[in-house]
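Okay, structure first, notes after.
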Protein chains: 2
Amino acid sequence: MFEPPTLKDIANALGLSTSTVSRALRDTYEISAKTKKLVFEYAEKINYQPNPNALSLKERRTKSIGVVVSEVANHYFSQAINGIESIAYDRGYHVIITQTHESYAREKINVQHLASRSIDGLLISLSAETSDTAHLKYLHERGMPMVFFDRVPNDIHTHKITANNEQGAFEATSHLIISGYKKIAHLTSSDHLSISIERLRGYTAALNKYNIPVNPDYIKHCPHGGMFPEETERAVLELVNLKDKPDAIFIAGDRLSIGCLEVLKKLNVKVPDQIALAGFSNSDVLNLFEYPISSVRQPAFKMGETATEMLLQLIESKYPVTDFENKVIDTELFTRN
Amino acid sequence: MFEPPTLKDIANALGLSTSTVSRALRDTYEISAKTKKLVFEYAEKINYQPNPNALSLKERRTKSIGVVVSEVANHYFSQAINGIESIAYDRGYHVIITQTHESYAREKINVQHLASRSIDGLLISLSAETSDTAHLKYLHERGMPMVFFDRVPNDIHTHKITANNEQGAFEATSHLIISGYKKIAHLTSSDHLSISIERLRGYTAALNKYNIPVNPDYIKHCPHGGMFPEETERAVLELVNLKDKPDAIFIAGDRLSIGCLEVLKKLNVKVPDQIALAGFSNSDVLNLFEYPISSVRQPAFKMGETATEMLLQLIESKYPVTDFENKVIDTELFTRN
DNA sequence: TTAATTTGCGCAATCGTTCCCGATATCATT
DNA sequence: AATGATATCGGGAACGATTGCGCAAATTAA
C-alpha cells in the first residue's frame with residue numbers, strides 16, 4: 001500500500017542509472033552540476049527518502065540506539081529520556097524506548113529484542129529484579145556498545161553514569177536529623193540494586209555521624225521497587241506497627257514515595273506530624289502537598305545527555321575502547337518546610 | 001564490532017547453501033530431517049537471529065509501529081503506551097515512541113522521521129499546537145495506515161478512538177455544581193484541539209442544565225496545554241484576579257491541573273476552601289492531597305489497546321479499508337470529598 | 001532394466017543502496 | 001591527428017534473507 005519512491009524510480013524517470021542518482025544525491029564531485037540539479041529537484045518533488053533498511057543493511061548500522069528503563073511514567077526516567085533524545089536527535093540517531101516494569105524477564109526480552117533489531121548501542125538502567133546480568137554480558141562481550149545509567153552493574157566493564165546517591169542520601173537523612181527527627185527509617189528498592197546500596201550507605205553514614213544507632217528494623221526493601229502496591233503497603237505497615245515507631249522515613253525513590261503516601265493516607269497517619277518524609281524524587285508534585293516533602297533531585301536530563309554522548313562516542317569510535325569512565329553527578333537537596 | 005551471525009556463516013560452517021539453511025530454519029518440507037536438525041542445533045548454538053533489516057527490505061515491512069504523543073511523562077499517555085505495547089508485542093510488532101512536547105514543529109519532524117524509518121503504521125495523538133494536519137494527510141493519502149487517539153483531527157478519514165470527553169466534562173462540572181459551586185471556570189488546552197472542544201461542550205452543557213450562564217471570562221485556553229508554566233500561571237492569575245472570582249475550576253488536563261495547583265499554592269489560595277478543583281486526570285497523586293480533587297479518568301490502557309488493534313487491522317488488511325470506525329469510550333468520574 | 005517420480009538441495013534473482021571499476025565522450029596537448 | 005587527461009556516467013557486486021526454478025540422486029513403478 002505505502003510504497004515510497006526509490007532510487008530506481010528517479011533513475012527511470014530521468015533516464016539515468018541508480019548509481020548516478022545515488023551519487024548526485026550524495027553530492028559527489030563526479031556528477032555534473034546540471035544532472036545534480038535535475039536529480040535534486042525531482043527527488044524533492046516526489047519527496048524521496050532513502051530506504052533506511054537498505055541503508056542499514058549496506059552500512060551495517062541502524063543509526064538508532066536502544067533504551068531500557070523500568071518505566072517512562074517515572075519523572076526521573078522521563079526526564080532522562082528527554083536528555084537522551086536531545087543528544088541523539090542532534091546526532092541523527094533514533095531512540096527506541098522499552099520498559100521493563102521492574103521485571104527481569106521483561107528486561108531480558110527487551111534487550112534481546114533490541115539486539116535483534118540491530119541497534120547500534122544500548123542505554124540501560126537495570127530493573128529492580130535484575131541481579132544476574134548474563135544477558136548483558138553476552139551482548140557486551142560480542143562488542144555491543146552499551147552505557148549504564150542510574151542503576152548500574154558492577155561486573156560489566158563499560159561507561160557508567162550515576163547520581164551521587166550516597167551524598168544525596170546522606171544530605172537528606174542529615175536534613176531529617178537536623179530537623180529534629182531521631183528515629184529515621186529507610187524505605188528502599190531491592191537490595192542488590194546499586195542505587196539501593198549507595199543510598200543505604202549514605203543513610204547509615206548520616207546516622208553514624210550524628211551517633212544514631214542503625215536499627216535494622218527500620219530498613220525496608222521492596223524487591224520490585226514499589227511496582228506492586230502490596231509490597232509498599234506491607235513495608236510501611238511493618239514500620240508503623242513497630243513498638244518503637246520511626247518518626248521519619250527516608251524514601252529511596254519516586255514510586256515508593258507515592259506508594260508510601262498512599263498507605264499513610266489510608267492509615268490516616270499525618271505527614272509530617274506523625275511521621276516526616278524525605279526522599280529521592282524528580283517529581284514536581286511533591287511540593288504541592290500541604291506539608292511539602294524534602295527531596296533529593298537527580299540531574300536526570302543531564303544524566304541522559306551524558307550517557308548518550310558516552311554511548312555515541314563508543315559507537316563511533318574507530319578502534320575498541322578499553323578506557324571506561326565512571327561518571328558521578330552530584331544531586332541537589334530541595335528542603336521544604 | 002558487533003557482527004551477528006548470518007545465514008552464510010551457518011551455511012559455510014555446515015557445508016550447505018544459504019537457501020538450504022534458510023529453508024531448514026523455516027521448517028520447509030523439502031529439507032531432510034537430519035539436515036534440519038543439524039542446522040537447528042548450530043543456529044541455536046551460535047544464537048542466530050535473522051537480520052531484521054534484510055527481512056524488512058525483502059518483505060517490505062518492518063513489523064514496527066510509530067507512536068506520537070505529546071509527553072510520556074503524562075499519566076494518560078504512559079498508560080496508553082502500556083496498552084499499545086501489550087497488544088503490539090503480542091502480535092510481534094515493535095513500538096517506536098516519540099514525543100512532541102506539544103510542539104507542531106516537533107510533530108512534523110517526528111512523523112517525517114517515523115515515515116522515513118519505514119514504519120508499518122502510525123498511532124498518533126495531535127500536539128496542542130497542531131491545527132494544520134497536512135503532514136499527516138500527505139502520509140495518509142499515500143496509504144500509510146494510521147489511527148488517531150485522544151486528540152483527533154476531523155479532516156482525516158481513518159480509525160479514531162477517543163474518550164467520551166463531553167460526557168466526562170459534563171459529569172465533572174455537574175459534580176461541582178451539585179457540590180454547591182456556581183461560579184465555575186474552565187481551564188483548558190488550545191482551542192482547536194478536539195479534546196478541548198468536546199470538554200468545553202460538556203462543561204457548557206452542564207452549566208446550561210443547571211441554568212448557570214456561561215461566562216466567557218471564566219474560560220481560559222492554554223495554547224500549549226500548560227507546557228510552559230507561564231502560560232498556566234497567566235491563565236490562573238487572570239481567573240483569580242477577576243472581580244467576580246470563580247469558586248471552582250474545571251480543568252481539562254493533567255499537566256494543567258499540576259500547573260494550576262502550583263500557581264494556587266504560590267498565591268496561597270486554599271483548595272477547595274477558596275477555590276474548588278475538578279478535572280481530567282489519570283494521575284494517582286491527586287488523591288494524595290489533603291483535599292482531594294475529583295477527577296475524570298480516561299480508560300487510557302484500554303484506549304491504547306484498542307487503537308493498536310485497529311491499527312494492526314489496517315496494516316494487515318489484504319485490501320484497502322474504506323469503512324472507518326470512530327470509537328468513543330466512556331470515562332469514569334472519581335469523586336473525592 | 002528402464003522410465004517415472006520423489007526427495008533434497010543449489011543457483012540466482014530480488015528488495016534499495018552504495019561504491020569499485022570501467023566505459024564513453026569531451027577536450028586540450030603535442 | 002593521435003594521444004592522454006579529465007569529466008561524467010553506467011554496470012554490477014555486495015549487504016542478508018527468501019523463494020521460484022532447476023537438477024541430480026534416490027526411490028518407486030512398470
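Every value quoted in this text rests on a predicted model; they were computed, and no experiment measured them.
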Report task. Check the distance between dT17(C)'s P and Asn12(A)'s CG and give it to me in whole angstrom. Result -> 12 Å
Report task. For Lys8(B) and dG10(C), give me the distance from atom NZ to atom P, rounded to whole Å. Result -> 15 Å
Query raised in the report: Does any residue of residues 51-66 of chain B have a heavy atom under 4.0 Å from DNA chain D, and if so, which ones, in number order?
Result: Asn51(B), Ala54(B), Leu55(B), Lys58(B), Glu59(B)
Requested in this report: Quick one: list whatever passes ring-ring contact (aromatic ring centres under 6.0 Å, His included) with His192(B), sequence neighbours left out.
Outcome: none
Query raised in the report: Between the side chains of Glu107(B) and His135(B), is a donor N or O closer than 3.5 angstrom to an acceptor N or O?
Result: yes
Report task. Check whether any side-chain N or O of Thr28(B) sits under 3.5 Å from a backbone N or O of Glu30(B) as a donor-acceptor pair, and report yes or no. Result -> no
Report task. Could you tell me whether the side chain of Thr98(B) and the main chain of Val69(B) form a donor-acceptor pair under 3.5 Å? Result -> no
**Report entry** Presence of salt bridge, Glu41(B) and Lys37(B), under 4.0 angstrom
**Finding:** yes
Query raised in the report: Is there a donor N/O on one and an acceptor N/O on the other, under 3.5 Å, for the side chain of Thr18(A) and the base of dG16(C)?
Result: no
Report task. Would you name the heavy atoms of Glu85(B) and Arg106(A) that are closest together and state the gap between them? Result -> OE1-NH2, 4.2 Å
Query - Consecutive-pair stems (at least three Watson-Crick or G-U pairs, under 3.5 Å) that include DNA chain D - result: C:1-30 with D:1-30
Query raised in the report: At under 4.0 Å, does any side-chain N or O of Ser17(B) touch on OP1 or OP2 of dC9(C)?
Result: no
**Report entry** Validation row: Asn326(B), Val152(B) side chains within 4.5 angstrom (heavy atoms)
**Finding:** no
Requested in this report: For the residue pair Ile65(A) and Ile84(A), establish whether any side-chain heavy-atom pair is separated by less than 4.5 Å.
Outcome: yes
**Report entry** Results of side-chain hydrogen bond (donor to acceptor under 3.5 Å, both in side chains) for Asp120(A) - residues two or more places apart only
**Finding:** Thr62(A)
Report task. Under the side-chain hydrogen bond (donor to acceptor under 3.5 Å, both in side chains) rule, collect the residues that match up with His101(A), sequence neighbours excluded. Result -> Glu71(A)
Report task. Enumerate the residues from residues 23-48 of chain B whose closest heavy atom to DNA chain C is under 4.0 Å, giving them by residue number; use none for an empty result. Result -> Arg23(B), Glu30(B), Ile31(B), Ser32(B), Thr35(B)
Requested in this report: Kindly assign one of parallel, tilted or perpendicular to the pair Tyr89(A) and His113(B), based on the angle between their ring planes and the thresholds 30° and 60°.
Outcome: tilted
Report task. Could you check whether Thr6(B) gets within reach of a base, just the sugar-phosphate, or nothing at all, counting any heavy atom under 4.0 Å? Result -> sugar-phosphate
